[in-house]
Structures are given as structure tokens and as C-alpha cells.
S.K.: 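Here it is, the structure in full.
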Amino acid sequence: MGKQRAAVLGVGQTHHRSKRLDVTMAGLCREAIDRALADAGLTFADIDAVVLGKAPDLFEGVMMPELMLADALGATGKPLLRVHTAGSVGGSTANVAASLVHGGEHSRVLAVAFEKQSESNAMWALSISVPFHMPVGAGAGGYFAPHVRSYIRRSGAPSHIGALVAVKDRRNGAKNQFAHLRQSDITLESVQASAMLWDPIRYDETCPSSDGACAIVLGDESAAQGRDAAWIHATAMRTEPTTFAGRDQVNPRAGRDAAAALWREAGIDDPLSQVDAAEIYVPFSWFEPMWLENLGFTEEGQGWKLTEAGETELGGRLPVNPSGGVLSSNPIGASGMLRFGEAAMQVMGRAGEHQVDGARIALGHAYGGGSQYFSMWVVGAEKP
Amino acid sequence: MTQAPLSAPLDIGFDYTRSLGPTLSRFVTGLAQRRIHGARGTDGRVHVPPPEYDPVSGEPLTDLVEVAHTGTVTSWCRQPEPLAGQPLQRPFTWAFIRLDGADTPMLHAVDADDVHTGMRVRARWADTGGNGVRDIVCFGPEDSEPAVEPRAADDLTMLTTPIHLSYRHSASPEESRYLRGLADGKLLGQRCPACGKVYIPPRGACPTDGVPTEEEIELPDRGIVTTFCIVNVPFLGQRIKPPYVAAYILLDGADIPFLHLVLGCAADEVRMGMRVEAAWKPRDEWGTTLENIDHFRPTGEPDAPYDSYAGHL
Amino acid sequence: MTDNVSVVSFAQAPHVRETHGTTNGVEMLVPIFKEALDNVGLSKEDIGFWCSGSSDYLAGRAFSFIAAVDAIGAFPPIHESHVEADAAWALYEAWVKIRTGEVDTALVYGFGKSSAGQLRRVLAMQLDPYTVGPLWPDAVSIAGLQARFGLDAGLWTERDMAEVAARGRGGDPDELLRRPYFADPLRKHDCAPITDGAAVVILARDDRARDLTERPARITSIHHRVETPHLGARDLTTSPSTVAAAKAAGADGVTLAELHTPFSHQEILLRQALGLGDEVRVNPSGGPLSGNPMFAAGLARIGEAATRIRPGERALAHATSGPALQQNLVCVLEAD
């Protein structure tokens, strides 16, 4: 049968907030789904299968919540698949949904991802003390901060780069009606004056905890015929172990391998010139330059220069996270799918105030675990 | 002779705070008022508890219907040894109960010895409301269970659901040798037979080769800080008071660092490449844990050159 | 046709009541990865795609599946995915991945250390967390309620259930019926034993499968469906999602069926729903009543069916997930 073409037909997301106390988990998902279906001009009756992604079940205290959400997801009587690949899961979920179309299994697939962090406390869930271990863990920030320090040491980047990213992403978030944090008046000085949480990571350089969901409707070539669509040019996923002797935690090989496979499949040999917009999973500001290098937009050690030169701002050479990114909204399980969905919105010209003019090719990127799970896609305005 | 791997209890508990949305808010508020609501589905059936989305069509259900406190058992199963959190802590019977006015049954407990299909039952209410479906303690035989009138209660939009689970966490055989070594004040690593790298803790599977580490190697209690962060943020469940330095310590002779605390100097004096040594707790406090080392402290030796640990970042 | 995919290798860890290994499955997985790969002369570098199924709540830890990739030796990095479900659904994902043409082999694995927690109580975490979960109805009790519906309706008897149990795990039905109830109407023998275990299946596209094994079991179709979570709205005496999946998969004419039925009445229920007659060998492996490693047992049904299928035979492998058979997968296999 071979690979069938696949495209994004519609994207929807919730208004992300620290506590969406007006809805249940089901209602949260449904808000994103209804918007995605409306964006695609479709109804549940048009959907052949549903794929749900979210991060650890401990966050909401429900085991395999897709089961209890089946009616809300419109999945009852249909195939329902649950993906969990740590923080990259939102991206992986979109990729799995894409493969259901690529493989000729289904004509139209609904991908949904959510996190309702206000049901519990992510720091608690991620820092549960396991017997026999030294209890030094301090959530995701505590995990990643030493590796950020390593990046700074290795690249020689000046210390204000992280703050520059935070200012850019939060200001971009202010242009995004769905963003959790919308801080149009944030400044370099205010970021640098914010509390140092996990030295070298400051409060304003850290993603928020959000309740939110994202949904993407994907379709095959016949479903996409005659309508605006974001065509999937390439997908990639790679995994490596959390720790091993000699592991490069700053520039992990799994990310480099995934990117290389992605660009190859998409026919891109110079990503910096050929990609018009990038939605990259940046939960702590320093990960922008780190991932620019890992993704091959720059040579190793040079990513921060792109950031410092303002090239990752809206209007720059490679706008990164025009939506405001994870630094502006972080419903963990949905964060990766938001990157993928925002990339699709860019090439469909539906990104509103944070639209990158003339975007034709965009990257969606997510990572998870200890920088060890990577999922990515490239979408384009034209058929591949 | 090999000893059995070590294991220890792992309890996880959290009181989850659940926002209810419009449909379930009315159900939970109703229960606090000692009223039971169902929802009329798109096919006309009345379901209790009210599904937020229709079980057939998936449409949101907002047509709530009050049903009776009484109903009929449609299926039952004995629970002779109740588990933690279940409605009664003495033998009881689980039942599907179709309440009068509903078309489909709800699941709850029945407190009676002779539960049978077709039995008539009536809800028994908790003194305090606000706990959702637990406002109904259980059901009892209709004849002997006193009827209870509705009462006033404020609108509810949130529900707290405590979830407490107990597990037994096991260390791998390789890790157990290392932990028992710690109890003797030794740091025991193992070498991977495939790649030759020295792992501490040893591994049930070398992450790059997929085979258990084998040859045991005792490592010194000193090494370097490869990288670190200073934790300033307090959080729920935290066991070390911030601020503290969480550092990757690479022991001399090891090929992989592990996380530990660095004390003995100001936090802002900790450096990448700094030489450190273990500060052990008093021997009588030792157990099978890395916590036997209270922290690592600077030795005062010159820092290791960056190139010597650049491959461990 | 080149887009046919076959099961070429299957291995499973011993079914034990309690493994001394960790909840991340490494100790169970290392030997069976080797066994499954050695069966077909492959090394880890030959595998195009990896996909696993497991559960954080079974382990009591967030991200419990991450450490399992150590058992692979996943460096250089691998093309990998994970489902929070029985690994039969991981096999589905891998099967689709091969059919996209991106890869021609996949290794699928599932693992679970059920003994780490109190399994029947942990499974209550799958119920609606707003209106049902707060009562902590455990998995055995939910199954008992389902069994009672069928008993009351005359669809099966306690003797029928005992006969299923006797076939699956040995014993004499008369003697089994004299044993006390565990959760009336269920006796201990009606419930799958709590089992720690793991399973591995290797898939290959047909053009590779022939080179790898003399006896590939070709997957002709896989379909799966989910039902409403609202227990009261379901007819628990049948399984519409299994029937729909089997119909879509074209499961007519099978003579071998491996059914993922952790409770004795569920085997009868599925036989009736699928219309499996006496000519069909059901659970010749012993089925879940002889060993039920959570998150691997559904995958193992596919592996068991692939191992036992005879030339010219059609087989059905079934996997289930969720309370009282809420979600079901049907895989149809053929052998030349």
C-alpha cells in the first residue's frame, strides 16, 4: 500500500489557565475538540479513530483516563489509542495519528492531548521519593538546570540569553488569545530581577503549570482535497536511555538523529533557510539555543547567537515559538501537540496575531523524559 | 550465595481536587441536598449518575432529571473483605441499582445479608454532604431503611477525591548489592561486560548494551562535580530544605555521575570540576541507602580541567 | 502483496506470582529480548521500530516505562513509541508503522509487575473519577457484577464457568464448584491469578518475514473498538466492541482463538458474542486464567495464537482493556 499523504485539516485548543475550574477533564478536552472540528468544518460523524496523549496518569489520578473519556472524545464505538511518551507525548500523539493516515488505516483521525495539572501538583508527582534513593530531585526544573549550566559552560553563551528568550516568548504569548501567560510588558530587566528558582534558571525563564488541551484533525488526501490544509512533509521520533556513560545531556544524539531523519524525509538540506516558522518545546528559556543546535539550525555552540541577534523573534530569520510556546502555556501532555498544531496553523495562515507572514514550511517539535524522547514533524502549505 | 533483592514500601497519596463543570456540579450539589439526579440521554434513557456526555451520541447532557431514593437491584456481587476506601468496612454487597425514575442502573454498595436481583433498596445518607457519590453511604433494604427528606445545601463546583495507594518498590539485584555495600560504607560499582564502562549504581541492564553489569569494582568516596544546580524552590513532599546544591558527582574511576548534595562551602562557591569527598553520616545511622553519605564537601584540591569531564555532561 | 505483516517471533517471561525484579521490567525483558531476537537471527540494530505497553499506576511511579528502554540498550537511539495500555495496542501501532512503509521490522513488548501494588484496587483507578471511582469498586467486584448479569439471564452457569477454569488451569469442575466463593458469584478459580510477566513479539513485513522464519503467522487484519465508560449504559452480558472489531477484521472461519479473558465468564461471553462453535480451539495456551501478566497478556494472546496456528488455519487473537471488557482488539492471523 505504501505511504499515503496526510494533512492537518483543523486545529483547536483551550484557553490555557493555571486552573480551569469551570470544566472537568472531559470538558477541557471537548473544548479543544469542538474548536478543532469547527476549524476543519467536520463533526464527530466524520472521524474514524481517536488518539489520546497525555503525560503521567499520576497528574490527574486516573489510570488510563482515555477509557473514562471515551464519550467526551467521540470515541465510543470507534478505535481509541492512548500514547504516552513522557513530555514529548503531545507530538508523538500527532505523529501516531498521522501514521494511521499514512498507513491507509483511516481517512480522518482526531488527535487529542490534555493535562489538567490543577487536579494535583506536578512537582509532587515528579519528585515522589523512591526508596533507597537520595532525595535531591526537584521536579523538572531541578532536573534540567544542571544541563543548562553545562550548555552555558560549553557554548560560552552570555548569561542574558535565557532572559532574551523569556522576553520574546512571553511577548509572543501576549499575541495569542489562548496563551496562559500574556505579558506584553515583560522586559529583560524584569526577567533578570525575577527569583532564581533552580540556579541558573530563573522564575521568569520557567514554564507555568497549566490546565489545557489541544486537538488536531488529520485527514488523507481525499479528505484534504479542495480545502486549506497543512500537509505533513515528514515525521520523526527517536528515544535514548535517560542516563548512560558518556551521554551528551546538552545535545542528545536522539534529538540530532530525529532531526536528521526529519530534514531528510522533508527534503530540507538547509533548515535555517528553508523553514519559515518553528514551534520548539522550550519549557525553560535556555532550551531555545540548545534545541536550535540540536535540530541543526546552527552549528553546535552557535544557537545562542541566533537568539541574541533577534533572529528568532517574529520578523526574524527563523521565528521560534510565535505562539509564545511552552514558556507561555504548559499543559504538559498537550504542550507537544500545541507545538505541532501551531506549526500547522502557521502554514494554513490561521495563526492570527502571531502569524508569520508567508509561512509555507513549519516545524513542530517536542521532547520529554530526561531530554531523551523526541518527536517532530514538518508541515507545509503545499503537498509534499 | 546471593541474597534476595532489597525492597521497601512506596506509598503514594494525594487528595485530588476535581472541578466538576456544569452537569456534574448539579449532580454533586443535588447529593449534598439529598437529591439524586440523572441525565436524560439523547436516546431518551435516564442515566444515573448523569454522564457529562451521552454514552451513545457523545453529545453534552444537560437535561437533568431527579430520580427517587429507592430502586431495584439488577445485579450484585459480594465483597466479603472490603478494601481500603470502599463504602463499608464490613462485609457488604456491590450492586447495580436501577433507581425509580431511571432507565439504567448505578453502581453502589448494599448493606444487607440477603441481597438478590430484584431486591428493593433505599439510599442511606451520610451525615455530612459534599463528597459526591459518597454522600450516599450505601443502600439498605427499602422496608427497613428510613426515608430521608431533602435538605438545603450550597452549590458545589469542586470535589476532593483522596487517592492513596501502597506499593512495594524493589531494587534490582545489581542495585541491591550496591545498597548492601553502602550499609558497609562501601561504594560498589560494576563494569558492563560489553562496553567496559563502570556504572554506579550498577545496572540490571547497561543502557547502551542491554546486558546486566557484572564485574564488581569498589570505588573511592571522592571525585568531582561535573555540573549542578542550586535548588531554591520549596515544594510539596520535599525532604531537603532549600536552598541546596544538587550536583552530579563523578567518582574517581566511575564512568557515570550520580546526583547528590554538596555542602561545606557557600552555594555560589560550588564549581564545575570541583574536587569533592563524601561526608558520611555516623556509622550507627547507616542503612541500605545512598543517604548514608550526608553530603559531599570540597577537598580543597585543584579543580579538574574541563576537558577531563567534558564528556560527562 | 508487500504490505502484509507477519508475526515472526514471540517470547515471554515466566508467569510468576511475584518477581524479585523491578517495576520497570528490565530483569524480565533482557532475557526475552534476546530470545525473541535470537529466534530470528536479528540484533537490536536490525529493528526498525520499537513499541511498548505498560502502566505507571501498575508501578506506582510516573514515567515507569522510561527505564525499560535500558533493557534494549537503546543507544544509538531507537525509533520508539509507547502506549499506556496493553501491548496489544502497541502491536497495533507497530503494525500500522510497518504498513506506512517507513520500516520493515518492529519489536513490540509489554510488561507489568502486578504484585507491586494491590492489583484489584489499582484497577479501580480506571473508573470514572467523579462518580464511580470515589467508591473504589475493585476489578474483581466489577467482574462479579458482570458475571451475575449473565447468570441471571441464563447465558451461563457457575458450572460453565468452572469448566472454563478447569480447562484453563486444571482441576475437576465438580471439585471446583465445591470450593467457597471468593466474591459471590466468583470463586478464586474464576479469576486470573495475579501475575508478573512480560512478552515480546517481533513483526516483519512479508518480504522480510520469509527470510526470518519458516513459519510466519500473517496478520490479515487488526481492529479495535471502545465502549462507553458509563457502566450502567452498557449491556454487560455481551461485547459489542469485540463483535464490531471482529466483523471489521473479517474473523469468520477461525478455528483457533486466544481470548484475553481474565475471568472465566468472559470467555463464555466472548465465545457467545463471536459465535465461536465447538470446532474452535479456545485458549489452548491456558489463557489468562493460567497466567495474566498485566499489559503483556493481550500481546501474549497474539503471540500464542501465532505460535500455535497450523498451516492453512485462521486464528483470532483478542485483547481487552478497561473495566468489564470496555475496550477490545481483534487480530486475525493466517498461516500458509
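Protein chains get the first letters and strands the later ones, always in sequence-line order, with residue 1 at the start of each. The figures here come from the full heavy-atom set of this structure, side chains too, leaving out hydrogens, waters and symmetry mates.
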S.K.: So what's closer than 4.5 Å to chain B heavy atoms on A:T76: side chain, backbone, both or neither?
M.R.: side chain

S.K.: Below 4.0 angstrom, N of the basic side chain to O of the carboxylate: do A:R202 and A:D204 qualify?
M.R.: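 The answer is no: the pair does not qualify as a salt bridge.
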
S.K.: With respect to chain B, which residue among A:E60, A:Q249, A:M25, A:H147 yields the maximal number of heavy-atom pairs within a distance under 4.5 Å?
M.R.: A:E60

S.K.: For B:D303 and B:R271, run salt bridge (charged side-chain N to carboxylate O under 4.0 Å, His left out): C-alpha distance rounded to whole Å, both residues' side-chain angles, the deciding distance at 0.1 Å, then the answer.
M.R.: CA-CA 8 Å; B:D303 287 0; B:R271 301 174 302 277; 2.7 Å; yes

S.K.: Parallel, tilted or perpendicular, judged at 30° and 60°: which one describes the rings of B:Y306 and B:Y309?
M.R.: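 Aromatic pair B:Y306/B:Y309 classed perpendicular.
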
S.K.: Among B:V56, B:T289, B:T227, B:V231, which residue forms the greatest number of heavy-atom pairs with chain A at distances under 4.5 Å?
M.R.: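 When all of B:V56, B:T289, B:T227, B:V231 are compared, B:T227 has the most.
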
S.K.: Between B:R191 and B:E214, does any NZ, NE, NH1 or NH2 come within less than 4.0 Å of an OD or OE carboxylate oxygen?
M.R.: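 Result for this pair is no, no salt bridge flagged.
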
S.K.: Chain A heavy atoms under 4.5 Å from B:I163: which part of the residue, side chain, backbone, both or neither?
M.R.: side chain

S.K.: Could you tell me which portion of B:L6 (side chain, backbone, both or neither) has an atom closer than 4.5 angstrom to a non-hydrogen atom of chain A?
M.R.: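 It is both, since atoms from each part get that close.
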
S.K.: Is chain A contacted by the side chain of B:D294, its backbone, both, or neither, given a heavy-atom distance below 4.5 Å?
M.R.: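 Contact with chain A involves the backbone of B:D294 alone.
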
S.K.: Can you tell which of A:P241, A:G27, A:G61 has the highest number of heavy-atom pairs within less than 4.5 Å of chain B?
M.R.: A:G61

S.K.: Check this for me, if you would: do B:E52 and A:R30 make a salt bridge, where the nitrogen-to-carboxylate-oxygen distance has to be below 4.0 angstrom?
M.R.: no

S.K.: Less than 4.5 Å to any heavy atom of chain B: does that hold for the side chain of A:L58, its backbone, both, or neither?
M.R.: both

S.K.: Where does B:P9 contact chain A at under 4.5 Å (heavy atoms): side chain, backbone, both or neither?
M.R.: backbone

S.K.: Given that the side chain runs from C-beta out, which part of B:A254 has a heavy atom under 4.5 Å from chain A: side chain, backbone, both or neither?
M.R.: neither

S.K.: Are B:E175 and B:R203 within salt-bridge range, i.e. N to O under 4.0 Å?
M.R.: no

S.K.: So what's closer than 4.5 Å to chain B heavy atoms on A:K116: side chain, backbone, both or neither?
M.R.: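 Contact with chain B is through the side chain of A:K116 alone.
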
S.K.: Side chain from CB out, backbone as N, CA, C, O: work out which of these in B:Y248 comes under 4.5 Å of a heavy atom of chain A, or both, or neither.
M.R.: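 Contact with chain A is through the side chain of B:Y248 alone.
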
S.K.: Flag the pair B:W280 / B:W286 as yes when their ring centroid distance falls below 6.0 Å, and as no otherwise.
M.R.: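 Ring-ring flag for B:W280/B:W286: true, centres closer than 6.0 Å.
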
S.K.: Got a salt bridge between A:E240 and A:R247, using NZ or NE/NH1/NH2 to carboxylate O under 4.0 Å?
M.R.: yes

S.K.: I want to check a possible cation-pi pair here: A:R149 against B:F228, using under 6.0 Å from ring centre and within 45° of the ring axis as the test.
M.R.: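 Yes, A:R149 lies over the aromatic ring of B:F228.
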
S.K.: So does B:T160 get a backbone contact from the side chain of B:D15, meaning a donor-acceptor N/O pair under 3.5 Å?
M.R.: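 Such a contact is absent between B:D15 side chain and B:T160 backbone.
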
S.K.: Could you look at B:L179 and say if it's the side chain, the backbone, both or neither that has a heavy atom under 4.5 Å from chain A?
M.R.: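 Contact with chain A: side chain only.
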
S.K.: Name the option with the most non-hydrogen atom pairs under 4.5 Å to chain A; the candidates are B:M158, B:K197, B:H169.
M.R.: B:H169

S.K.: Between A:R17 and A:D22, is there a side-chain N and carboxylate O pair less than 4.0 Å apart?
M.R.: no

S.K.: In residues 19-28 of chain B, which residues are in contact with chain A at a heavy-atom separation under 4.5 Å?
M.R.: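 From residues 19-28 of chain B, the residues near chain A are B:S19, B:L20, B:G21, B:P22, B:L24.
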
S.K.: Is any NZ, NE, NH1 or NH2 atom of the basic residue among A:E115 and A:K54 found under 4.0 Å from an Asp or Glu carboxylate oxygen of the other?
M.R.: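 Counted as a salt bridge, because a side-chain N and a carboxylate O are separated by less than 4.0 Å.
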
S.K.: May I ask you to check whether A:F144 and A:Y367 place their ring centres under 6.0 Å from each other?
M.R.: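 Yes.
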
S.K.: As an exercise: rank A:G142, A:A145, A:S150 by heavy-atom pairs under 4.5 Å with chain B and give me the winner.
M.R.: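 Top count of heavy-atom pairs under 4.5 Å with chain B: A:S150.
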
S.K.: B:Y167 versus chain A, heavy atoms under 4.5 Å apart: side chain, backbone, both or neither?
M.R.: neither

S.K.: On the 0 to 90° scale, with breaks at 30° and 60°, tag the B:H260-B:F258 ring pair as parallel, tilted or perpendicular.
M.R.: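 Geometry flag for B:F258 against B:H260: perpendicular rings.
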
S.K.: What part of A:R20 gets within 4.5 angstrom of chain B, counting heavy atoms only: side chain, backbone, both, or neither?
M.R.: backbone

